[in-house]
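Contents: one structure, followed by commentary.
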Amino acid sequence: MQQRKTNVMAVTIAIYVATFMSAIEGTIVSTALPTIVGDLHGVALMNWVFSIYLLTNAMMTPIYGKLTDLVGRKPVMQAGLLIFIIGSMMSGLSDSMPTLIFWRAIQGIGAGALMPVSMTIIADIYSFERRAKVLGFNSSAWGIASVLAPLIGGLIVDKLSWHWIFFINVPVGLITLVLFQVYLREPKRHNDVKVDYLGSFWLMLFLLCLMLSFQLLGNATISWPAVIGAWVISALSLWLFIRRESRTPEPVISLKLFKNHTFVIQNAVAALISGFLMGVEVYIPTWTQGILGVPASLAGFAVTPSSLMWIIGSFVTGRLLAKWAPRRIIYLSLAFIAVTGICLAVIPVSTAFAWFFLITAVGGVGFGIVITATTVTSQHLVSPKTVGVATSFNTLSRTIGQTLMISVFGIALNVGMNQGIQSHPGTNMAMMNKLINPQTATELPAKLLPTLRGILYTGLHWVYLIGLGLILLAALVNSLDRGPQLTAAQHAEKLHRAEHDEATD
């Protein structure tokens, strides 16, 4: 009945637009950030323009997941979009860095709904067989955003002003809001809404301190008392959250989910591989600019094949999910990703730019398979009434994996470069900063360029050795799934049969 009433095509378009807004946000803001910092005189606070958005986004993801199961997908998506639109409009009106950071936090609170609720709606309106293909199509928004965001951002800053980087979200967001309002239909939920406010608070405090500690670890100078303090508060909050969830009748994240080993393993693999994905997307452009001297406008295209082949991987997953057990699908995806990891860990400093297209394309197939498979499998391992929570937990796992590994990779790169600088008198970190930007690299002495590029290569080499370790760890975690090797659909059927027997008894 629900599928007849819902205009599937219009809702799919709305989901795609929402995903595109989420995908383009980080890159388009980074393009405009130098102009924003210059205008608002806030270089000391510039990292927080990104950090606060990621923090509030991650904090709200599981809360939205629970609310989708309690009150429905439509009102939660509309609320998230409305908060995102308000945050975007006020960010554009900001006249100081503290004001901009505050409204970016509000924008992140709204954005926390976009990805998990979108994927939950896809689970509602598409059959199991078609879901992987639709997720693959939806994932193409990230590939398109990676290409268009720098171009759009540069054009807006040059022709209009940086304020329009945020204002552009307002009309697009309102159109998306109208599409969901008019075309998405879902049955009314008659259950009494009982939000576990105390559990939500402990969960948000845990995520806030955990993510904040990762941000602090990524700073050039690490304040260890602050990091350790954040870890202590995070651990205490996690304990209080688990204690609360084990006692409340309506938990934010049901602890029963973690009794399913396959569910835990799928999300652990998603977190590890999402961490490695950051090494590909963030540090390959650094490699191509700093070592090969490729202009910034072209360097980003080195990872575009990954986004495009991601779609192919998702389409392949649609067929595999019906025939293969999750463990086998993960092994296949890791084989593709391992090729990329090994290549990045061993290729020489002289590797030509064109090789990165092939390396990232192979990895893209693996990323498409593993992210789509873990998402769909997680949805099928839980009862229909907790699909929202399971989907948001999957999104949260990936976000934590990305945030943690960005910090770890940053530390590895800095340690590697500092060791190289100590081994080569006459070089310093200021030179390395100039080297990474092709426009300022021309200011460096020509005789030092090979040495400086070798130092950067060493740092990146450590990044990709750690990345290779992540892939091996993901394979080890996947091998722990030793239960009955059922397909995702068979897992769902087994779960429904058990629930039916329990209800009958």
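Listed here is the closest heavy atom pair of Gly112 and Asn57: CA-OD1, 3.3 Å. Counting all heavy atoms, side chain and backbone alike, Ser94 lies closest to Leu40 at O-CD2, 4.3 Å. Considering every non-hydrogen atom in both Ser91 and Gln107, the closest pair reads OG-OE1, 4.1 Å. Here the shortest heavy-atom pairing between Lys74 and Gln181 reads NZ-O, 2.9 Å. Across all their heavy atoms, Asn394 and Arg398 have their closest contact at OD1-NH1, 2.6 Å. Shown here for Leu292 and Ala352, the closest heavy-atom pair between the two residues is CD1-C, 4.3 Å.
Proximity of Ile106 to Phe84: side-chain heavy atoms (C-beta onward) are nowhere separated by under 4.5 Å. Between Leu203 and Ile253, some side-chain heavy-atom pair lies under the 4.5 Å cut-off. Within the 4.5 Å cutoff, side-chain heavy atoms of Val11 are placed close to those of Ile121. Put simply, the side chain of Trp103 does not reach to within 4.5 Å of the side chain of Phe166, judged on heavy atoms. Side-chain contact check for Asn267 versus Phe393: some heavy-atom pair is nearer than 4.5 Å. In this structure, Ile284 and Leu344 have side chains that are in contact, with non-hydrogen atoms separated by less than 4.5 Å. Annotation: side chain of Leu174 is not in contact with side chain of Val178 (no heavy-atom distance under 4.5 Å). Taking 4.5 Å as the limit, some side-chain heavy atom of Leu449 sits within range of a side-chain heavy atom of Leu444.
To the nearest 0.5 Å, the span separating CG on Leu460 from OH on Tyr464 amounts to 6.0 Å. Atom-to-atom distance recorded for Ile369:CD1 and Thr317:OG1 is 5.0 Å, nearest 0.5 angstrom. Here the SG atom belonging to Cys209 is positioned 11.5 Å from the CG atom belonging to Leu238, to the nearest 0.5 angstrom. Met405 contributes atom CE, which lies 6.0 Å from atom CD1 of Ile466 (distance to the nearest 0.5 angstrom). Considering CG of Leu81 and CZ of Phe180, their distance stands at 6.5 Å, rounded to 0.5 Å. For the atom pair CE (Met60) and CG (Leu207), the distance works out to 11.0 Å, reported to the nearest 0.5 Å.
Judged by distance alone, with hydrogens and angles left aside, the side-chain atoms of Thr68 form no donor-acceptor pair with the main-chain N or O of Arg73 at under 3.5 Å. With hydrogens and angles disregarded, no donor-acceptor distance shorter than 3.5 Å links the side chain of Thr351 to the backbone of Ile347. Remark: side-chain polar atoms of Asn418 are paired, donor with acceptor, to backbone N or O of Asn414 under 3.5 angstrom. A donor-acceptor pair is defined here as one N or O able to donate and one able to accept, closer than 3.5 Å; such a pair exists between the side chain of Arg453 and the backbone of Ile291. Listed for the Thr99 side chain is no donor-acceptor partner under 3.5 Å among the backbone atoms of Asp95. Judged purely by atom type and a 3.5 angstrom limit, Thr360 uses its side chain to pair as donor or acceptor with the backbone of Ala302. The backbone N or O of Tyr53 sits nowhere less than 3.5 Å from a side-chain atom of Arg104 that would complete a donor-acceptor pair. His424 places no side-chain N or O within donor-acceptor distance of the main-chain N or O of Thr451, the cut-off being under 3.5 Å. Here the side chain of Thr340 pairs a donor or acceptor atom with the backbone of Gly363 at under 3.5 angstrom. In this structure a side-chain-to-backbone donor-acceptor pair under 3.5 Å is present from Asp69 to Val389.
Heavy atoms of other residues, nucleotides or ligands lying less than 6.0 angstrom from CH2 of Trp162 number more than 12. Residue-environment remark: CD1 (Ile168) stays at or below the threshold of 12 foreign heavy atoms within 6.0 Å.
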Check your understanding: Should Leu452 and Thr427 be marked as a side chain to side chain contact (heavy atoms under 4.5 Å, CB included) after you check the CA-CA gap, both sets of side-chain angles, and the distance that decides it?
Key -> CA-CA 7 Å; Leu452 294 172; Thr427 62; 3.8 Å; yes
Exercise for review: Check step by step if side chain to side chain contact (heavy atoms under 4.5 Å, CB included) holds for Thr375 and Met119.
Suggested key: CA-CA 8 Å; Thr375 301; Met119 290 188 287; 3.8 Å; yes
Point to revise | Derivation of the side chain to side chain contact (heavy atoms under 4.5 Å, CB included) call for Phe167 and Leu93 | key: CA-CA 9 Å; Phe167 289 153; Leu93 293 172; 3.7 Å; yes
Point to revise | Full working for side chain to side chain contact (heavy atoms under 4.5 Å, CB included) between Phe367 and Ser306 | key: CA-CA 8 Å; Phe367 292 132; Ser306 173; 3.8 Å; yes
For residues 224-234, which side-chain donor-acceptor pairs fall under 3.5 Å, sequence neighbours excluded?
residue	atom	partner	partner atom	Å
Trp231	NE1	Ser213	OG	3.0
Ser234	OG	Phe206	O	3.2

Per-pair distances, 0.1 Å, donor-acceptor, side chain in residues 268-281, under 3.5 Å, sequence neighbours excluded:
residue	atom	partner	partner atom	Å
Ser274	OG	Ala270	O	2.7

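Side chains of Ser118 and Tyr16: no donor on one and acceptor on the other come within 3.5 Å. A donor-acceptor contact under 3.5 angstrom links the side chains of Ser314 and Thr372, judged on distance only. Checked by atom type, the side-chain pair Gln266/Ser378 shows no donor-acceptor distance below 3.5 Å.
Note on ring orientation: taking the six-membered ring where Trp is involved, the planes of Phe353 and Phe356 are tilted (angle from 30° to 60°). Taking the six-membered ring for Trp and thresholds of 30 and 60 degrees, Trp287 and Tyr457 have ring planes more than 60 degrees apart, a perpendicular arrangement.
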